[in-house]
Amino acid sequence: MKVMIIEDDMLVRMGIKSLIPWSELGLEVVCEARDGAEAVELYEKFLPEIALVDILLPKMNGLDFIEKVKPLNPRGEFIILTCNQDFETVRQSLRLGVHDFIVKSTMEIEELQRILKQLTDKMKTKMSYPQEEAASETGSRSIRKAGLLRDWLHGLYNGAETEDFAERLGEFKYFLEEGQYQAWAVALDVSRSDSMLTSQEVVKIGHSIDHMAAELYRGKLIGFVENIKDNRWHVLLRSGNGIEIDPELLIDSVSQYLGHSLSIAVSDRFTDWRDWIEYDRMAGELLSLKYYREDDHLFQGEPPESTLSDAMFVWKKSIMNKLSGYLFEQAEDQLADLKRVIGPPYPKPTLTYNVLEDVLFQLKQISEMTGRSLPEGQFQRTELLNCVSLSQAVHLLSSAIQVLQDPIAREKSGHERKKFVDATELFIQEHRFEDISLNGIAAHLKISPVYLSRIYKEEKGISFSNAVLTAKVEQAETMIRSGMTLTEISDKLGYLNLSSFTRMFKKIKGIAPSYYAETESETESR
């Protein structure tokens, strides 16, 4: 059965769409509308069996919408989404034959799911429509499409239209429409937090990004294929007639509404949909430029080079000679100059990594020959491999050079760890109103961000990102008690919007800041 969602709040729409197991209920969300006028147009086109309708819509309220479209589909059912279930709303809804109400402020997904199941069971009985046939014709369509895209991208169909491929493609003929296509590689920037997301969390975020992209690029988005291991998604879009598709819309929307940072690489345009695999590979190579341009979020143009430049070979020979001669200060200066030497155009990150691994191996040999031991676990190959940017790798090697320069001080590793952690703690406390970056603090302390993240958690028992959030929440509590509004506090603490601030506050305190403010107010009154 077809379902339509009519709601002007994007977050509410996304929540309903992503959290209800539609296919299990034999349902498929076929369209969404943001206002009453758009809702009438889409309802006439799709004639859904079930419509979830917000009461307070722009251009036409929900009850007027129901009254207008009900004659178009006498068997159609409606569920009202409302902020307050007042008597007049109930009276008009009963007159229109609305099935049920959901109060948005107290809405539980389980309750909505129960109402939908109850409604579908009722409609199937009324229509004498077999449940198995209903499920096969509705909810499984999106599953079939996702499976086709995944198999296609994984090379099961190599461009030749096999009989099986042609048969499976039959219901998705829009792949063959004339126009231009683009392949995107979309990645979650988890490196900005030192806490790792679980695969279930990444899957959930992916569904939300997919739904948001469908909202932003209506009629242009063909589909997503997830790559959970790399926190990445492969995307196919059709622009048609040269219409521009702006990836920054998705980057900004995900940041604003979901609180996550994305990077997107966009391939060149292509006209034959069979070439998706090749252009997806191109987008993936473009995304690897994030290693060099860690502050950028959009990557287009030429992919990285497959060879190192002559300047890079000269740089490697020079720094190796300086290290062999124990000219550590000059070697450190040479290391700091690497970013300028390396590009653009940039080589593939694996080529740069191989050069840096040779430098690290040279430092370890010097350590063994001089008896100036490097702290165990800090300067291992795996640490270098875990550096997600060139800046992090340079910090790691620079720290190793400094250890060899000043062995007596560096051997006091316990004191050194405490010094770094205390300095980080002080920085967090003194910069609560600013955007606090692990990379920035590590650069100031001249150590690897990976190393700083690990020793901070070991010493404090809390991750760096949670420590920052805790400090900001403690400051927010003080500001709430001083009488400042939540909007003012959110702005002062540097959050993009009140929604992001609320989510972070609740993550630390377990309650929303509005509830906390009310509790504090009641305490003061007593």
Inspect the surroundings of [atom1] in [X] and state if more than 12 heavy atoms from other residues, nucleotides or ligands are less than 6.0 Å away.
| X | atom1 | value |
| --- | --- | --- |
| Y353 | OH | yes |
| Q429 | CD | yes |
| K339 | NZ | yes |
| E329 | CD | no |

Could you state the interatomic distance from [atom1] ([X]) to [atom2] ([Y]), rounded to the nearest 0.5 Å?
| X | Y | atom1 | atom2 | result |
| --- | --- | --- | --- | --- |
| L250 | L221 | CG | CG | 9.5 Å |
| L286 | R281 | CG | CZ | 10.0 Å |
| E248 | S255 | CD | OG | 12.0 Å |
| L237 | I245 | CG | CD1 | 4.5 Å |
| E7 | E32 | CD | CD | 10.5 Å |
| L452 | F464 | CG | CZ | 7.0 Å |

Can you check whether [Y]'s main-chain N or O pairs, donor with acceptor, with [X]'s side chain at less than 3.5 Å?
| X | Y | answer |
| --- | --- | --- |
| Y292 | P347 | yes |
| K290 | D296 | yes |
| T424 | F420 | yes |
| E488 | T485 | yes |
| N354 | T350 | yes |
| N386 | T382 | yes |
| S398 | V394 | no |

>> Checking F505 against L486 for the side-chain contact (heavy atoms from CB on, under 4.5 Å) test, could you report, in this order, the C-alpha distance in whole Å, the side-chain angles of both residues, the deciding distance, and whether it holds?
In response: CA-CA 11 Å; F505 189 98; L486 297 182; over 6 Å; no
Do the side chains of [Y] and [X] get nearer than 4.5 Å, heavy atoms only?
| X | Y | value |
| --- | --- | --- |
| N466 | L469 | yes |
| Q113 | P21 | yes |
| E226 | V202 | no |
| R34 | E215 | yes |
| V225 | W276 | yes |
| M504 | L493 | no |
| Y346 | L351 | no |
| P345 | E302 | no |

Shortest non-hydrogen contact from [X] to [Y]?
| X | Y | answer |
| --- | --- | --- |
| S253 | L216 | OG-CD1, 3.7 Å |
| K17 | W22 | O-NE1, 3.0 Å |
| A265 | L287 | CB-N, 3.6 Å |

Output side-chain donor-acceptor pairs under 3.5 Å for residues 304-317, partner residues at least two apart or in another chain, one line each.
{"from": "S309", "atom 1": "OG", "to": "M312", "atom 2": "N", "distance (Å)": "3.3"}
{"from": "W315", "atom 1": "NE1", "to": "Q334", "atom 2": "O", "distance (Å)": "2.8"}
{"from": "K316", "atom 1": "NZ", "to": "D358", "atom 2": "OD2", "distance (Å)": "2.7"}

Could you tell me whether the side chains of [X] and [Y] share a donor-acceptor contact shorter than 3.5 Å?
| X | Y | result |
| --- | --- | --- |
| N439 | H395 | no |
| Y456 | E425 | yes |
| K322 | S318 | yes |
| E474 | T470 | no |

>> One pair to check against side-chain contact (heavy atoms from CB on, under 4.5 Å): H297 and D189. What are the steps and the verdict?
In response: CA-CA 9 Å; H297 296 280; D189 294 338; 3.2 Å; yes
